[in-house]
Structure formats: structure tokens, C-alpha cells
Amino acid sequence: MKKMAKKAKLKKTNDERILDQHHIEYVETHFDWINKGKDALAEAATMGVDPKSILKTIVLQANKNPKDYLVVCLPLEYELDLKLVAQQLNKKQVHLADNKNLINITGYVHGENTPIGIKIRKGFPIYFDERIKVFEKIAVSAGKIGRSVLLKQTDLVKLVAGEYIRVAE
């Protein structure tokens with residue numbers, strides 16, 4: 001008699017556990033934007049998710065201060081305007097955090113950064129592109145490459161004490 005293979009159940013990420021602890025509903029999703037790049041946008045469309053509601057999480061450093069980090073989340077298809085972000089936050093300048101040192105800065109490697117874990121672990125301020133206000137649900141990294149969570153935009157912003165700003169023209 002042949003045994004049926006069990007469907008492997010994925011272990012929850014720390015970020016999913018945080019959402020569970022705060023009683024925030026979410027759906028685990030898989031948007032493979034690391035390996036497929038722009039194909040993640042097409043993947044989203046086939047799932048019935050607006051591609052503009054899939055957010056990337058970018059860690060910035062302000063004024064070259066090694067203790068002044070902040071996080072910006074914006075739709076995957078938009079480019080961040082560093083000068084505009086600096087202006088919006090009354091900073092002299094902001095630049096991308098050192099990619100090679102992200103694990104030490106945020107606790108995540110490139111591709112895993114998520115506003116959920118960064119806020120809980122590090123307390124960095126979190127900013128969202130104001131254009132996401134129109135979406136009831138958004139997707140962000142679940143803290144592991146290739147895994148995301150789809151949740152209410154307002155729940156996420158509230159959880160991480162986020163603010164809305166303009167991050168791109």
C-alpha cells in the first residue's frame with residue numbers, strides 16, 4: 001500500500017506570530033519578487049490582488065547618523081525619492097542603509113525586511129507611502145524571503161505606529 005505524502009505545513013514566521021499575538025487577521029501569501037522581479041506584479045494580478053498594494057520595505061539612514069534609521073514602505077513598482085523623503089521628514093538627507101549590514105541593523109537580510117518585525121525589535125519609525133490609503137488590504141514581507149502576509153492596511157499601520165508621507169512623485 002502506498003502512503004500519501006503529507007502536505008508540508010510551513011512553520012509560522014516571527015512576524016506572523018506577532019500578528020497572532022495582536023489578534024490581527026492575515027493571509028499568508030507568496031509573491032516571489034526576489035527571484036521573479038516584476039513577475040511578482042503579474043502573480044499578484046492572477047491572485048486578484050492589486051499590484052500597487054504589494055509593498056517593499058526600505059531601510060534608510062538619516063544624516064549619516066549611525067543611530068538614526070527609519071523605514072519606508074511603498075508599492076513595489078514605485079521608486080523611492082530620497083530627497084522628497086528627507087524633505088517630508090525634515091532631515092538634511094537620507095540614504096539607503098548599508099545592504100551588507102542589514103542583518104545587524106534590522107535583524108533581517110535583504111529581501112526579508114518587514115515593518116512588523118523592525119518596529120517590534122528595533123523601534124525604528126515606520127513611514128508608508130500615502131498612496132496606499134486607498135487599499136483595504138496590502139501585502140508586506142512576513143520576515144522570510146518569498147513569504148508575505150496580506151492584511152488590512154489600517155491594522156498594519158496601527159500596529160507599527162506608522163505615518164503616511166509622500167515618498168515618490
Side-chain angles (χ1 to χ4, degrees), residues 10-19 26-45 47 49-86 88-89 91 93-129 131-132 135 137-151 153 156-157 159-168:
L10 294 175
K11 184 177 174 185
K12 286 192 177 198
T13 66
N14 287 335
D15 292 45
E16 290 167 334
R17 285 188 205 93
I18 291 168
L19 293 171
Y26 63 92
V27 175
E28 184 184 316
T29 60
H30 302 272
F31 296 115
D32 194 1
W33 49 55
I34 297 299
N35 296 319
K36 295 182 185 174
K38 293 289 183 187
D39 288 345
L41 301 176
E43 194 175 329
M47 293 178 67
V49 174
D50 188 318
K52 289 185 175 112
S53 69
I54 303 173
L55 306 185
K56 57 185 170 184
T57 303
I58 300 176
V59 182
L60 302 174
Q61 187 176 17
N63 304 324
K64 297 186 180 181
N65 181 339
K67 295 185 189 233
D68 194 359
Y69 290 103
L70 56 115
V71 175
V72 174
C73 299
L74 70 156
L76 186 62
E77 63 184 30
Y78 294 128
E79 293 297 320
L80 184 65
D81 183 334
L82 294 173
K83 287 183 181 180
L84 181 61
V85 171
Q88 294 280 303
L89 299 177
K91 304 280 186 183
Q93 67 177 18
V94 296
H95 62 276
L96 297 175
D98 180 12
N99 235 1
K100 295 176 186 167
N101 199 25
L102 273 178
I103 189 78
N104 295 324
I105 297 167
T106 66
Y108 297 96
V109 297
H110 178 73
E112 291 181 349
N113 282 295
T114 170
I116 301 163
I118 293 173
K119 182 64 176 186
I120 301 299
R121 287 180 174 172
K122 301 293 184 172
F124 297 161
I126 311 290
Y127 300 95
F128 293 92
D129 183 1
R131 288 174 285 205
I132 70 161
F135 298 107
K137 294 194 176 187
I138 55 174
V140 294
S141 171
K144 191 166 183 101
I145 292 176
R147 293 198 29 206
S148 302
V149 287
L150 182 66
L151 69 162
Q153 174 259 129
L156 175 63
V157 173
L159 175 67
V160 301
E163 294 181 40
Y164 299 101
I165 63 170
R166 283 185 317 150
V167 300

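For reference, positions follow the sequence shown, starting with 1.
Residues Thr57 and Cys73 share a closest heavy-atom pair of OG1-SG, 3.8 Å. Here the closest heavy-atom approach between residue Glu16 and residue Lys11 is recorded as OE1-O, 4.3 Å. His95 and Leu82 make their closest contact through CA-CD1, 4.3 Å (heavy atoms, listed as atom of the first residue, atom of the second, distance). Taking both residues in full, the closest heavy atoms of Lys56 and Pro75 are given as CE-O, 3.7 Å, listed atom of the first, atom of the second, then distance. A pairwise comparison of heavy atoms in Ile105 and Lys122 identifies O-CE, 3.2 Å as the closest pair. Closest approach of Pro115 to Ile126, counting heavy atoms only: CB-CG2, 3.8 Å.
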* Please step through side chain to side chain contact (heavy atoms under 4.5 Å, CB included) for the pair Val167 and Tyr78, ending with a clear verdict. => CA-CA 9 Å; Val167 300; Tyr78 294 128; over 6 Å; no
ask   = When you look at Val149 and Ile116, which way does the side chain to side chain contact (heavy atoms under 4.5 Å, CB included) test go after all the steps?
value = CA-CA 10 Å; Val149 287; Ile116 301 163; 4.2 Å; yes
(message) With side chain to side chain contact (heavy atoms under 4.5 Å, CB included) as the criterion, how do Leu159 and Leu19 come out once you've worked through the C-alpha distance, each side chain's angles and the decisive distance to 0.1 Å?
(response) CA-CA 9 Å; Leu159 175 67; Leu19 293 171; 3.8 Å; yes
- [ ] List the steps, then state whether salt bridge (Lys or Arg N to Asp or Glu O under 4.0 Å) holds for Lys52 with Asp50.
- [x] CA-CA 5 Å; Lys52 289 185 175 112; Asp50 188 318; 5.6 Å; no
Side chain to side chain contact (heavy atoms under 4.5 Å, CB included) between Ile54 and Ile138, worked out:
CA-CA 6 Å; Ile54 303 173; Ile138 55 174; over 6 Å; no
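For the pair Thr106 and Tyr69, the minimum side-chain heavy-atom distance is 4.5 Å or more. Side-chain contact check for Val85 versus Tyr127: every heavy-atom pair is 4.5 Å or farther apart. Using a 4.5 Å heavy-atom threshold, the side chains of Val109 and Ile145 count as touching. Between Val59 and Leu96 the shortest side-chain heavy-atom distance does not fall below 4.5 Å.
Side-chain atoms of Thr114 do not come within 3.5 Å of backbone N or O of Ala142 as any donor-acceptor pair. Judged by distance alone, the side chain of Lys64 and the main-chain N or O of Gln93 form no donor-acceptor pair under 3.5 Å. Side chain of Arg17 to backbone of Lys12: a donor-acceptor contact under 3.5 angstrom is found.
Atoms CD1 and CG, on Ile165 and Leu70 in that order, are 8.0 Å from each other to the nearest 0.5 Å. Atom NE2 of His110 is separated from atom CD1 of Ile58 by 9.5 Å, given to the nearest 0.5 angstrom. If you take CD on Glu79 and CG on Leu76, they are separated by 9.5 Å, rounding to the nearest 0.5 Å. In this structure, CD on Gln61 lies 9.5 Å from CZ on Phe124, to the nearest 0.5 angstrom.
Counting heavy atoms of neighbouring residues, nucleotides and ligands inside a 6.0 Å radius, atom NZ of Lys144 does not exceed 12 of them.
A donor-acceptor contact under 3.5 angstrom links the side chains of Asp15 and Tyr108, judged on distance only.
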